[in-house]
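Just the heavy atoms: all of them, side chains too, but no hydrogens, waters or symmetry mates, feed the values below. By convention in this document, chain letters (A, B, ...) are assigned in the order of the sequence lines, proteins followed by strands, and residues within each chain are numbered from 1.
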Amino acid sequence: MCDDFRRNLPLFPMGTVTQLTELTPRQIRYYEQQGLIHPARTRGKQRLFSFNDVDLLLRIKSLMEKGINIAGVKEVLREQTQALQPEGPPGPVKADLSKAEVYKLMKRQLHELSPRPNQSHLIRGELARFFH
DNA sequence: CTTCTCACA
DNA sequence: TGTGAGTA
């Protein structure tokens, strides 16, 4: 429940997301334009993506790589969104502290690791832990 | 320097 | 989709 809040926190800018997803800014903006993602806009017009946004982008990416076009991706996404809506929460809450730790870790890295050096590997390694 | 929008070879 | 112009 509280985990949801963290997942939706607008944390990373375009540059970070492009490295996390291997997508070009052009594509990411286009997907947003197509209504596939809804990044938060902070002061001005800078996009700030959340973990959910990144996760969504990765799913979109894999779908596109499977030869599915925007229209197709929209359908799949719509189906998955509805398939998750029907009926209440699936029983007991599954609090995962290890994930929370990962979030904090990444948050720190993103905040303190402003330097340009290839931060992609480190972050991607952590990302893989909850994209399993 | 990074990101944004818009338009076009 | 890529890319360059002109901003913020």
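- The CG atom of A/D53 lies 11.0 Å from the OG1 atom of A/T21; values are rounded to the nearest 0.5 Å.
- Look at CZ on A/R43: it is 13 Å from C1' on B/dC4, rounded to the nearest Å.
- Contact between the side-chain N/O atoms of A/T24 and the OP1/OP2 oxygens of C/dT1 is not found at any separation under 4.0 Å.
- A distance of 6.5 Å separates CZ in A/F49 from CD in A/E32, rounded to the nearest 0.5 Å.
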Name the pairs: protein N/O against N/O of nucleotides 3-8 of chain C, kept only if under 3.5 Å.
unit_1	atom_1	unit_2	atom_2	d
C/dT3	O4	A/R26	NE	3.4

Apply side-chain contact (heavy atoms from CB on, under 4.5 Å) to A/R47 and A/R29, showing your working. CA-CA 9 Å; A/R47 276 170 252 259; A/R29 289 169 187 138; 3.3 Å; yes

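- Here B/dT3 presents its P atom at 7 Å from CE of A/M14, a figure rounded to the nearest Å.
- Separating the CG atom in A/L48 from the CG atom in A/L11 is a distance of 8.0 Å, to the nearest 0.5 Å.
- Counting to the nearest Å, the P atom of C/dT1 and the CD atom of A/Q34 are 10 Å from each other.
- Comparing C/dG2, B/dC4, C/dT1 by their closest approach to the side chain of A/M64 singles out C/dT1.
- DNA chain B contains the following stems of three or more consecutive Watson-Crick or G-U pairs, with both distances under 3.5 Å: B:4-8 with C:2-6.
- Separating the CD atom in A/E22 from the CD atom in A/E65 is a distance of 9.5 Å, to the nearest 0.5 Å.
- Summarising the geometry, atom CG belonging to A/L58 is positioned 7.0 Å from atom CG belonging to A/L20; distances are rounded to the nearest 0.5 Å.
- Remark: side-chain polar atoms of A/E75 are not paired, donor with acceptor, to backbone N or O of A/G72 under 3.5 angstrom.
- Whole-Å rounding puts the A/K61 NZ to C/dT1 P distance at 12 Å.
- Between the C1' atom of B/dT2 and the CD atom of A/Q19 lies a distance of 12 Å, rounded to the nearest Å.
- Distances shown here put a side-chain N or O of A/Y31 below 4.0 Å from the OP1 or OP2 atom of C/dT1.
- For the pair A/L48 CG and B/dT2 P, the interatomic distance rounds to 16 Å; values are reported in whole Å.
- One interatomic measurement links the two molecules: CZ of A/R29 to P of B/dT3, which rounds to 8 Å at whole-angstrom precision.
- No side-chain donor-acceptor contact under 3.5 Å links A/D55 to the backbone of A/F51.
- Salt bridge annotation for A/E79-A/K74: absent, with no cationic side-chain nitrogen under 4.0 angstrom from a carboxylate oxygen.
- The residue A/G44 sits apart from the nucleic acid: no heavy atom pair falls under 4.0 Å.
- Each of B/dT5, B/dT3, C/dT1 was ranked by its minimum atom distance to the side chain of A/R47; first place goes to B/dT5.
- Within the 4.0 angstrom heavy-atom criterion, only backbone atoms of the sugar-phosphate kind lie near A/R41; the bases stay farther away.
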